[in-house]
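First up is the structure itself, then whatever we jot down about it.
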Amino acid sequence: MRPYRYPARSRSARGEHRQRRCPLPCGLFAPVRQLPVIRVLSQPRGACYPYPPMTDPTLIRNFSIIAHIDHGKSTLADRVLQLTHTVADRDMQEQLLDSMDIERERGITIKAQAVRVMYDADDGKTYQLNLIDTPGHVDFTYEVSRSLAACEGVILVVDAAQGVEAQTVANAQMAMNAHLEIIPLINKIDLPAADPERVRHEIEEGLAIPADEAVLASGKTGEGVRDALEAVVRLVPHPIGDPEAPLKALIFDSYFDAYRGVVALIRVVDGSVSKGLKVKMMATSTVTDVEEVGVRRPANIPVDALGVGEVGYLITGLKDPSLVKVGDTITLARNGATEQLPGYREAKPMVFTGLFPIDGDQYPDLRDALERLQLNDPALIWEPESSHALGFGFRVGFLGLLHMEVVKERLEREFGLDLLATAPSVEYHAYRTKGDMVVVHSPQDMPDPGHLDHVEEPYLKATVLVPPDYVGAVMELADQRRGVFRDMQYLSATTVELHYEMPLSELIMDFFDQLKSRTKGYASLDYEYIGYRQSDLVKLDILLAGKPVDALSFVVHKDKAYARGKMLTEKLREIIPRQMFEVPIQAAIGAKIISRETVRAMRKDVIAKCYGGDISRKRKLLEKQKAGKKRMKSVGSVDIPQEAFMAILKVDD
Amino acid sequence: MGDLAEGFVVPWNDTRVALPRHLYVHVPLCRSKCAYCDFYSEVDTGAPEHAAIVGHTVELLRGWLTPQVRWSPLETLYIGGGTPTVLGPHLVGLVRALTDVIPLASDAEVTIEANPESFSPKLAAALAAEGVTRASVGVQSLDDDALVRLGRCHDSAAARSAIRAAADAGLAVSVDLICGIPGVSAEAWERSLRGVVEAGATHVSVYPLTVEPNTPLARAIAIGEASMPDEDATVDSMNAAARILGSLGFGRYEVANYAMPGRRSRHNIAYWTGKPYMAVGGGAHGMVDGEQAHALGLAPDDRTDVGRIRFAYASHLLPGDQLQPLSSIETMTVAEAAREDAMLGMRMTDGISDALAEGANVIEALESLVTDGLVEHTDGRWRPTERGWLFGNEVFSRIWGVVE
């Protein structure tokens, strides 16, 4: 193979024309480390520019690292970047691929990432490895499946102490369904509690994956990381595609850049893509010019073209992120492919909550903020909602609870908003007697019982992995949450897998926290949606001082309405502070009151002692008191603390 | 009263700014700390310290007199603490030394705070002879068990004796009582109220027990060794105090204060009516109006809207420390000062006048309070109602809230 020649159009700062080999091992030619590295703005030290277009696919390996949360996926990815000199040691920071603050703080991955590393393998060849980092949470299952579709193999990371957990199983199943090569890796072997033999056994028994050659590694010490990369080179199949066929590239993620517009992360399946081409997004029939293609190391490095099997980014210049959908196929605008890559579907929000600004003046700011967030998070949807109690806000749909928490936190942190969230609900399908169906995202929108024929709610299949000692506790909780037991199997002597079908509405009611606390943190959970089922549901209203507070209404199964109503009124009695007047709290179904509690009137509130030295101090105390009241929502004459609106989540059966 | 007090004539061409007519002197010593108290005081170490404190206090007072200001004869002088009576004979010396520096108006009210364990008929008589007119005795309760729980270092007999001693010396006697102490029955509370009046009190202050952070009481409650005051019991005892003291000829004139006719505390009324007051002593707070603040160099020269400035002495200020460490703690504009006057005025039964309310721009807040039954508006004055007493914080914060 001929050495790649640097194109003549580039000029150095000194204005000399240079023609030079890439100074780093790019797989196509020998490393020449002695040559000075050509520095490019925003390019990490040690990277090379530009890339040779279109590597031989046999030297490409596309893989992903999948793991249960906290099993060390991101640390392992960091080590891969270090080992391959993709990032200089001094530029290294923890969880390098997780660029959002929230990702780093919570130790989670929300956005997919792709990074190209060059690896000098033991066989003497240099391989192009594309590591696709996927979100690790069940909320983002669809996103994960698309990321996996861009790979030929995965490293399945299992914590050497924790062993196989629910998301390990779920992730492994997704990888199997995608027919990917699975390389088991037992991580954190440096931990005192590490028990690789047990974990190896769990992987074989529970996942039916041969693990006698599982890689033993420690992301912390770096041990075994090279073994993992060798396994990738050896075991993961190289991409196969038709370089002569019309372009087919899978979009596995996208983000919005304020200067460049929508940037898609893509994996080329057939053909090739280069700057200046006119391409089409098949699902949305959007045609656009390719402004730039490149690879991420992890900074964007432009290349001339991306060929079969290669992973990189594509700058579309589009300003509307909804036109570039995860899972869609990019092809040529003219004489393009006729068939989309399989597996595309629209992201569908499953959990809904009302978001209201505490200060009504922030309503326009909240709308702007949601619009801005949506640029990078097309799964986020919303519609305006108004509440008598809370004023104007939005009913926002999320992929799941984590997605909801992350979005709320980003809205508050990145946009300085003070938000009140109502208890989450699901999308109910209410069938009216006249035969039509109403989609209900907010309990307020539930049709009047008189016009209601029946209601359907989303169900899911929940998988819980737990040590045998806690099976009873899990069954009890699942029972209380209307779970229908399906089956149970021993994955190993220490792990039992239980399957339930249960309503999503029960799962979003603090189920995970309950599960964790009842199993001393041992249980892990995964779930998938299985469709809508009819349920006997009623809307429960809460009245404060005789007036219904719409934002406190919720939908509940008829059999549980009395118990939930009673517990919620009791909970609210604890949460709502004593006020100057007595506040009755009632739960009602329609006109029927099912439970009642009373917040007794406060009898005094006065600073009795106020002399010369006290005046400014006492006045500040009053100001503090007042500020505290301001953080509450006044509904009629009743001051309601924010936590009251989430109280339903804390109701313990 | 006024500038023509005996021996105090202001020449017609004197352009110096007159200093406040009220003075608070803080004696930061106590025999021991009470369980509930979060005021600044040090534990008393004996006579040499007493002499030093007297000298130091007088020096601090002299420090007020700069070339731009002159004394006004004092209408009220209040020596509080701490426990001023732990100074014993030196307290008499302190009163004399202070009044040597600054003249008293002819009908001045001169109050000393006294605690039963350090107050004797002899000291009472000596103080009266030196010009003291009033004693405020810290009794808190006549229930001996309660006194132990509060960490007081005296019993109820000592408290009664102290009241009698002061009354016998011809002093007007005020007594502090704490209501809502857990474990004190309604009957015991009534006995305390009647007991202090029988012993000779003509002024009673009633404070609900408040658990201040970082006090021994707060710690005892946190570990379950003491119980929180019960709100219902506290309210009942506040109402009982109004009823019982009323039947004994006392009238309420402020949230926490009751007096026989003519026995209201003029010094404290000065606080609630926005009168400037000087202060000396470690931890003491004072307040001056805009003109005085400029003359004393406490306000920036380029500010023309200063209504009042509050200042404090460092709380650890003891003999040997620097003499003029006034630190300004807050500066209020004229408008803010007016609103504060309105707020403080509503602590008193007399309430505030239409003119004051209008000047302070608080009519709207007052009207909302009338709607809620916390304030009444009659004969050109705004006054708190019975309910307004119990929900004073609502009244005060709505009036003050106008400032935002």
Side-chain angles (χ1 to χ4, degrees), chain A residues 357-362 416 418 544-547 573-585 597-641, chain B residues 22 24 26 39-40 78 80 176 178-180 205-208 210 231-232 234-236 238-239 254-257 265 267-268 270-272 277 279 283-287 310 312 329-330 332 340 343-344 347 372-374 384 387-401 403-404:
Chain A
I358 305 253
D359 174 358
D361 294 347
Q362 284 192 335
D418 230 346
L544 292 182
K547 293 201 180 72
R573 189 194 58 204
E574 289 164 29
I575 292 174
I576 295 174
R578 291 172 81 167
Q579 326 233 331
M580 285 172 61
F581 304 89
E582 181 180 286
V583 180
I585 304 169
E597 294 286 336
T598 305
V599 178
R600 290 178 53 210
M602 176 169 63
R603 293 197 56 196
K604 76 164 173 63
D605 175 26
V606 60
I607 292 164
K609 216 173 199 173
C610 187
Y611 300 104
D614 307 316
I615 294 171
S616 66
R617 191 164 61 121
K618 298 285 155 100
R619 212 188 48 233
K620 281 177 189 127
L621 210 71
L622 289 176
E623 279 164 7
K624 225 168 117 185
Q625 215 179 20
K626 201 180 166 72
K629 274 191 191 162
K630 242 186 156 167
R631 279 196 298 274
M632 294 196 263
K633 266 287 172 189
S634 289
V635 178
S637 57
V638 185
D639 292 326
I640 308 175
Chain B
H22 306 275
Y24 176 76
H26 194 73
F39 281 102
Y40 168 64
Y78 195 107
D176 287 356
I178 294 179
C179 69
S205 303
V206 177
Y207 308 115
T210 311
E231 185 178 288
D232 289 330
T234 305
V235 172
D236 291 342
M238 284 168 76
N239 290 337
E254 194 257 358
V255 173
N257 284 283
S265 164
H267 186 82
N268 288 341
Y271 293 143
W272 301 319
Y277 49 98
H285 289 60
M287 190 261 277
R310 281 215 174 71
I329 56 168
E330 68 179 357
M332 302 177 86
E340 189 178 70
M343 178 180 83
L344 291 170
R347 295 189 68 85
D372 291 347
L374 300 176
R387 193 168 160 73
W389 292 123
L390 291 170
F391 292 100
N393 288 355
E394 188 68 28
V395 176
F396 310 145
S397 57
R398 271 199 230 172
I399 293 173
W400 179 248
V403 164
E404 284 164 9

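Residue numbers begin at 1 in each chain, while the letters A, B, ... track the order of the sequences.
Here CE of A:Met580 is found 4.0 Å from CG of B:Leu374. Values are rounded to the nearest 0.5 Å. Going from atom CZ of B:Phe391 over to atom CD of A:Gln579 covers 10.5 Å, rounded to the nearest 0.5 Å. To the nearest 0.5 angstrom, A:Arg619 atom CZ is 4.5 Å from B:Glu340 atom CD.
For the set A:Gln625, A:Lys618, A:Met602, the count of heavy-atom pairs under 4.5 angstrom toward chain B peaks at A:Met602. Listed options B:Val395, B:Asp232, B:Asn268, B:Val255 were ranked by heavy-atom pairs under 4.5 angstrom with chain A; first place goes to B:Asp232. Put simply, of B:Trp272, B:Tyr271, B:Tyr78, the one with the most heavy-atom pairs under 4.5 Å next to chain A is B:Tyr271. For the set B:Arg347, B:Glu394, B:His285, B:His267, the count of heavy-atom pairs under 4.5 angstrom toward chain A peaks at B:Arg347.
When side chains are defined from C-beta on, B:Thr234 does not count as touching A:Arg603, because their heavy atoms never get closer than 4.5 Å. A 4.5 Å side-chain heavy-atom check between B:Met287 and A:Ile615 finds every atom pair outside the cut-off. When side chains are defined from C-beta on, B:Glu231 counts as touching A:Arg578, because their heavy atoms get closer than 4.5 Å. By the 4.5 Å heavy-atom criterion applied to side chains, B:Glu330 and A:Lys620 are counted as neighbours.
Looking at B:Trp389, only its backbone comes within 4.5 Å of chain A, counting heavy atoms on both sides. For B:Tyr24, no part lies near chain A; criterion is any non-hydrogen pair under 4.5 Å. For chain A, the nearby part of B:Asn239 is the side chain; its heavy atoms alone come within less than 4.5 Å. For chain A, no part of B:Thr210 is nearby; none of its heavy atoms comes within less than 4.5 Å.
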Please tabulate, for side-chain N and O atoms in residues 607-614 of chain A, each donor-acceptor pair with protein atoms closer than 3.5 Å (sequence neighbours left out).
residue: A:Tyr611; atom: OH; partner: B:Tyr207; partner atom: OH; Å: 2.6
residue: A:Tyr611; atom: OH; partner: B:Asn257; partner atom: ND2; Å: 3.0
residue: A:Asp614; atom: OD2; partner: A:Tyr611; partner atom: N; Å: 2.8

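In this view, B:Phe39 satisfies the ring-ring contact (aromatic ring centres under 6.0 Å, His included) rule with no residue, not counting sequence neighbours.
For B:Ser397 against A:Lys626, the heavy-atom pair with the smallest separation is O-NZ, 4.2 Å.
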